[in-house]
2 protein chains.
Amino acid sequence: MNEFNEYFKSAFTVDNVILGFDEGDMKVLLIKRGEEPYKGKWALPGYFVYPNEDLDAAAKRVLDELTGLRNVYLEQVKTFGTVNRHPFGRVITVAYFSLIKISDYAIQASSIAQKAKWHSVARVKDLAFDHNEILDACFNRLKWLIRSRPVGFELLPPKFTLTELQHLYEAILETELDKRNFRKKILSMNLLIDLDETQEGVAHRPARLYQFDKEKYEEFLAEGFSFELKESKKKEKPSFKKASPSFP
Amino acid sequence: MNEFNEYFKSAFTVDNVILGFDEGDMKVLLIKRGEEPYKGKWALPGYFVYPNEDLDAAAKRVLDELTGLRNVYLEQVKTFGTVNRHPFGRVITVAYFSLIKISDYAIQASSIAQKAKWHSVARVKDLAFDHNEILDACFNRLKWLIRSRPVGFELLPPKFTLTELQHLYEAILETELDKRNFRKKILSMNLLIDLDETQEGVAHRPARLYQFDKEKYEEFLAEGFSFELKESKKKEKPSFKKASPSFP
DNA sequence: AACCAGTAGTGTATAGTTTACACTAATTCC
DNA sequence: GGAATTAGTGTAAACTATACACTACTGGTT
């Protein structure tokens with residue numbers, strides 16, 4: 001393969017958009033860069049893919065080093081390879097996103113992890129490299145995903161209330177949902193276990209606690225089920241005549 | 001960046017799943033390999049990405065060299081980077097798919113194009129490298145895409161009948177659709193122009209010809225519309241109680 | 001000219017889904 | 001005991017999806 005040697009001069013990396021949900025808000029874990037290029041800027045965690053390492057394994061390694069978490073939701077989203085995206089050479093990066101429970105996250109000892117901090121996704125700007133674009137692509141993928149699969153529980157603690165779940169959906173979809181319709185839809189999926197427990201120590205009527213039903217969720221995935229969630233139309237442009245929403 | 005030189009030893013390529021529709025069947029354009037590795041096997045068209053070339057540009061180049069076509073539907077799908085996917089070294093490939101009108105395709109003079117041939121997607125097997133997996137990923141993406149966006153016209157000649165359109169959908173979705181419901185849904189989208197012409201030289205009642213309305217399609221894309229198509233349930237498992245198809 | 005073969009084209013009733021919307025219930029705090 | 005705060009609940013109307021079968025038009029055959 002000597003004739004092709006000139007093509008073996010590029011590097012590839014993975015960048016990981018690690019998402020969590022906290023304080024009613026979607027958060028992304030960013031690293032403050034300690035070196036050039038973009039020294040001092042915030043960036044997505046990522047690293048070179050080792051020569052004998054699969055792509056997915058590299059993404060898991062980056063996640064593990066930073067958060068200590070394994071077996072979390074991780075999905076490849078898109079590859080970014082503009083010629084000049086890295087000032088030091090041709091570097092192609094494969095973007096992944098992962099969903100973690102912030103309650104499980106504990107800051108790691110590694111020097112890189114010391115520089116990590118959660119940022120509200122909505123307020124992130126001016127990241128290093130083309131990382132704004134990567135973050136957008138991953139967050140949009142999550143928006144699509146949450147409408148078709150119940151991935152919400154990846155982001156919530158084991159026990160949660162329906163209101164918390166709804167707030168999560170609203171944060172991801174950046175919209176408001178109707179409480180009654182949301183509950184009807186969620187409960188009709190039969191993917192929640194009613195724990196027959198309630199919140200404690202809140203200064204109002206305590207909410208029931210639920211748990212995701214992992215077995216039923218496996219069935220759901222196996223059968224290729226999907227669902228749709230639509231936003232509440234309260235206070236929308238009035239009388240927008242919905243053109244028939246389907247085509248071939 | 002000398003410390004990172006060891007990472008600049010891999011190559012990356014693009015592979016392009018070029019899809020067309022002919023004789024009621026989805027087709028993919030494959031190349032018979034003339035060299036090792038996998039000499040004599042069929043493979044997806046692809047090539048190294050040049051050092052100063054963007055990924056999308058590389059995919060367009062591969063497509064152009066093979067078909068002479070530009071400005072066709074082209075979309076990045078997924079990146080494949082298993083360590084040993086290429087026997088000669090670490091090669092990561094970014095998979096793209098494109099949709100072309102086979103009627104526009106004319107075999108090109110280049111030596112590579114001489115080795116190209118259309119194959120029925122359903123009957124493809126035993127491709128070189130991991131190309132079966134890549135083809136599957138791209139075809140599945142198309143299946144998803146066709147349910148949510150009217151990309152069908154990318155695959156049909158400028159004038160077509162509703163039955164041709166329906167057959168295209170059935171070929172992609174690998175299912176049967178109800179004629180009346182299909183037509184209702186399609187026409188309700190208002191994306192077709194009735195040309196007030198009919199087929200000629202057919203030994204049966206001639207069908208009306210339609211054209212896609214590109215302007216309305218642009219609006220459709222801009223407004224983020226989507227649609228769903230469901231398969232006919234004729235002859236399905238009887239009385240399958242549709243568990244509520246939605247969740248958060 | 002009559003008929004046959006073959007595909008095009010059309011409507012309706014039913015079931016299911018989505019939407020909009022407002023009040024009562026349970027708890028803490030004062 | 002009352003105020004504050006969030007939890008929890010049902011229904012009617014509009015819309016969408018589905019199942020289903022016959023007539024219309026053309027070319028070819030006799």
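Everything numeric in this text was worked out from a predicted model, so none of it was measured. Lettering follows sequence order; numbering is per chain, from 1.
- Within 6.0 Å of atom NZ in A/Lys101, more than 12 heavy atoms from other residues, nucleotides or ligands are found, so the atom counts as buried in its surroundings.
- Under a 3.5 Å cut-off, the side chain of B/Gln211 and the backbone N or O of B/Leu209 do not form any donor-acceptor pair.
- Picking from C/dT27, D/dG8, D/dG28 the nucleotide with the shortest atom distance to the side chain of A/Pro206 gives C/dT27.
- One interatomic measurement links the two molecules: CG of B/Leu177 to C1' of D/dC20, which rounds to 16 Å at whole-angstrom precision.
- Where A/His204 and B/Gly201 meet DNA chain D, the nucleotide closest to each residue was compared, and A/His204 sits on the side nearer the 5' end.
- Summarising the geometry, the separation between CD on A/Glu200 and P on C/dA26 is reported as 17 Å, rounded to the nearest angstrom.
- Summarising the geometry, the separation between CG on A/Asp178 and C1' on D/dG8 is reported as 13 Å, rounded to the nearest angstrom.
- In this entry the distance linking CD of A/Glu164 with P of D/dT6 reads 13 Å, nearest Å.
- Of the residues near DNA chain C, B/Thr161 and A/Val202, the one whose nearest nucleotide (by heavy atom distance) lies more toward the 5' end is B/Thr161.
- To the nearest angstrom, P of D/dT5 lies 15 Å from NZ of A/Lys179.
- Counting to the nearest Å, the C1' atom of C/dT14 and the CG atom of B/Asn181 are 13 Å from each other.
- The shortest distance between the side-chain N/O atoms of A/Arg208 and the OP1/OP2 oxygens of D/dG8 is not below 4.0 Å.
- The distance between atom CZ of B/Arg147 and atom C1' of D/dA17, rounded to the nearest whole Å, is 13 Å.
- A salt bridge links B/Arg123 to B/Asp25: one of the charged nitrogens lies within less than 4.0 Å of a carboxylate oxygen.
- Per the geometry, NZ belonging to A/Lys185 stands 16 Å off P belonging to C/dG16, to the nearest Å.
- Contact check on A/Lys216 versus A/Asp213 returns a salt bridge, with a Lys/Arg side-chain nitrogen under 4.0 Å from an Asp/Glu carboxylate oxygen.
- Listed nucleotides: D/dG8, D/dC20, D/dG28. Nearest to the side chain of B/Ala203: D/dG28.
- In the interface, the side chain of A/Lys184 is not paired with the base of C/dT17 through any donor and acceptor atom under 3.5 Å apart.
- A salt bridge links B/Asp64 with B/Arg70; the closest basic N to acidic carboxylate O contact falls under 4.0 Å.
- Contact of B/Arg180 with D/dA21 (side chain to base): a donor-acceptor pair of N or O atoms is detected under 3.5 Å.
- Within 4.0 Å of A/Thr163, counting heavy atoms only, lie sugar-phosphate atoms of the nucleic acid but no base atom.
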